[in-house]
There are 2 protein chains.
Amino acid sequence: MTVRPPLEPDAAADPLGEDLLRAIGPLMRRLRTESNAGGLSWSQRVVMGRLTREGAATTADLARAENVKPQSMGATLAALEGEGLVARTPHPTDGRQFLYELTEKGSATRDEYRSLKRDRLAAALTALDEEEIAALRAALPVLRHLGEN
Amino acid sequence: MTVRPPLEPDAAADPLGEDLLRAIGPLMRRLRTESNAGGLSWSQRVVMGRLTREGAATTADLARAENVKPQSMGATLAALEGEGLVARTPHPTDGRQFLYELTEKGSATRDEYRSLKRDRLAAALTALDEEEIAALRAALPVLRHLGEN
DNA sequence: TATTGTTATACTCTATAACTATA
DNA sequence: TATAGTTATAGAGTATAACAATA
């Protein structure tokens, strides 16, 4: 290890930050747009995925997990409930809370989405070569970490 | 190379797609939120970055580059113009178009942002170890590619 | 007092549709 | 006809603020 002159933090960090910003903008728009096909918004799909993987959860749980305000998560859940895709039951011990779960219709909708090869992103992902997939997988934990508050 | 049974495309692609979705949601919200600090929205900053790097451009150029509709880019540019951060001049040969450029105020604002260590994302990036930075850099081209239409 | 959830309101980003002007 | 830009309108996603109910 040789002694280096101190790096300017901005010079070091900014290109990466800006590259990240530039890469994620279009990707995010694409995710949002193509997620919408079929009537489920992106947030709705993300919430349904979380309920599938992690089971029942409260508004506040989900809001924390997704890093949004409880009011925002409440709106998403209300929309899903209105479609009959999730249902809520009072929390057994805490009278303030409700536990949300996927309904059968919600599970079915989710399965349908997955088997539909529903968006072009899925196709784009399968078209990646192994090296690209590996690069993506390796970066996921870092991306998740950067998304934490 | 051995012969493999055909992979179920969904089984192969979906976990990655969903992991990506989950990783990018919170990160995107963070980028958006923290970009807003200082009065510039995320889209505005991205556009200013592009004008800095690539020079004058038209609404349609920028819309294509960011993969949004020209009307949407028009709104972003109008906001920046209203703040005096960009200025437009008629295209020299095509009477329909305008060329947008950063103003001095725009450049100054951009420099200010960068030297401010303006958001916690920049700090989070500098806190990454070399392996994480390498993983991120390696994934950027893949992310950009996935964001293309 | 702190937390959960709700209601009301507003802003940003983006889209679609319809239009004008220029190529 | 096709393209660039504008105007009008709408919807999703999210935020802040104020409130009620419960812990």
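Basis for what follows: all heavy atoms, side chains included, without hydrogens, waters or symmetry-related copies.
Considering only heavy atoms from C-beta on, B:L62 comes within 4.5 Å of B:L51 through its side chain. Side-chain atoms of A:E132 and A:D129, non-hydrogen and from C-beta on, do get closer than 4.5 Å to each other. Inter-residue side-chain proximity for A:L20 and A:L143 is flagged as met; some heavy-atom pair is nearer than 4.5 Å.
Separating the CZ atom of A:R45 from the P atom of D:dG13 is a distance of 12 Å, rounded to the nearest angstrom. Protein atom CG of A:L40 is 12 Å distant from nucleotide atom P of D:dA12, rounded to whole Å. Summarising the geometry, the separation between CE on A:M73 and P on C:dT4 is reported as 14 Å, rounded to the nearest angstrom. Rounded to an integer number of Å, the gap from CZ of A:F98 to P of D:dA23 is 11 Å. The interatomic distance linking B:M28 (CE) with C:dT14 (C1') rounds to 13 Å, in whole Å. To the nearest angstrom, C1' of D:dG5 lies 11 Å from CG of B:L77. Rounding to whole angstrom units, NZ of residue B:K69 and P of D:dG11 are separated by 18 Å. Residue A:H91 contributes atom NE2, which lies 20 Å from atom P of D:dA21 at whole-angstrom precision.
Residue-to-nucleotide proximity on DNA chain C shows that, of B:D94 and A:A60, the 5′-proximal contact is made by A:A60. Position along DNA chain D of the nearest nucleotide to B:R29 versus B:T58 favours B:T58 as the more 5'-ward residue.
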side-chain contact (heavy atoms from CB on, under 4.5 Å) between A:E83 and A:L80, worked out: CA-CA 5 Å; A:E83 296 290 330; A:L80 285 172; 5.8 Å; no
B:R22/A:E54 under salt bridge (Lys or Arg N to Asp or Glu O under 4.0 Å): CA gap, chis, key distance, verdict: CA-CA 13 Å; B:R22 272 215 304 297; A:E54 300 175 14; 5.7 Å; no
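Here the side chain of A:A75 is nearest to one of D:dT14, C:dT14, D:dA23, namely D:dT14. Taking only side-chain atoms of B:Q97, from C-beta outward, the nucleotide of D:dT14, D:dG5, D:dA2 with the closest atom is D:dG5.
The side chain of A:R88 contributes an N or O atom lying less than 4.0 Å from OP1 or OP2 of C:dT6. Contact annotation: A:S43 reaches the phosphate of D:dT14 (side-chain N/O to OP1 or OP2, under 4.0 Å). In this model, the phosphate group of C:dC13 is approached by a side-chain N or O of B:S41 to a distance below 4.0 Å at OP1 or OP2.
Looking at B:T58, B:T59, B:D61 one by one, the single match for side chain to side chain contact (heavy atoms under 4.5 Å, CB included) with B:Y100 turns out to be B:T59.
Residue A:T59 is in sugar-phosphate contact alone, with no base atom involved, counting any heavy-atom pair closer than 4.0 Å across all strands shown. Base engagement by B:S72 is indicated by at least one non-hydrogen atom pair under 4.0 Å involving a base atom. Residue B:G74 is classed as having no contact, given no heavy-atom separation below 4.0 Å to the nucleic acid.
A donor-acceptor contact shorter than 3.5 Å links the side chain of A:R29 to the backbone of B:E66.
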Compile the donor-acceptor pairs under 3.5 Å between side chains in residues 91-99 of chain B and protein atoms, sequence neighbours left out, one pair per line.
residue: B:H91; atom: ND1; partner: B:T93; partner atom: N; Å: 3.1
residue: B:H91; atom: ND1; partner: B:T93; partner atom: OG1; Å: 3.4
residue: B:H91; atom: ND1; partner: B:D94; partner atom: N; Å: 3.1
residue: B:D94; atom: OD1; partner: B:R96; partner atom: N; Å: 2.9
residue: B:D94; atom: OD1; partner: B:R96; partner atom: NE; Å: 3.1
residue: B:D94; atom: OD2; partner: B:R96; partner atom: NH2; Å: 2.9
residue: B:D94; atom: OD2; partner: B:Q97; partner atom: NE2; Å: 2.9

Check nucleotides 8-10 of chain C for protein N or O atoms closer than 3.5 Å to its own N or O atoms and list the pairs.
none

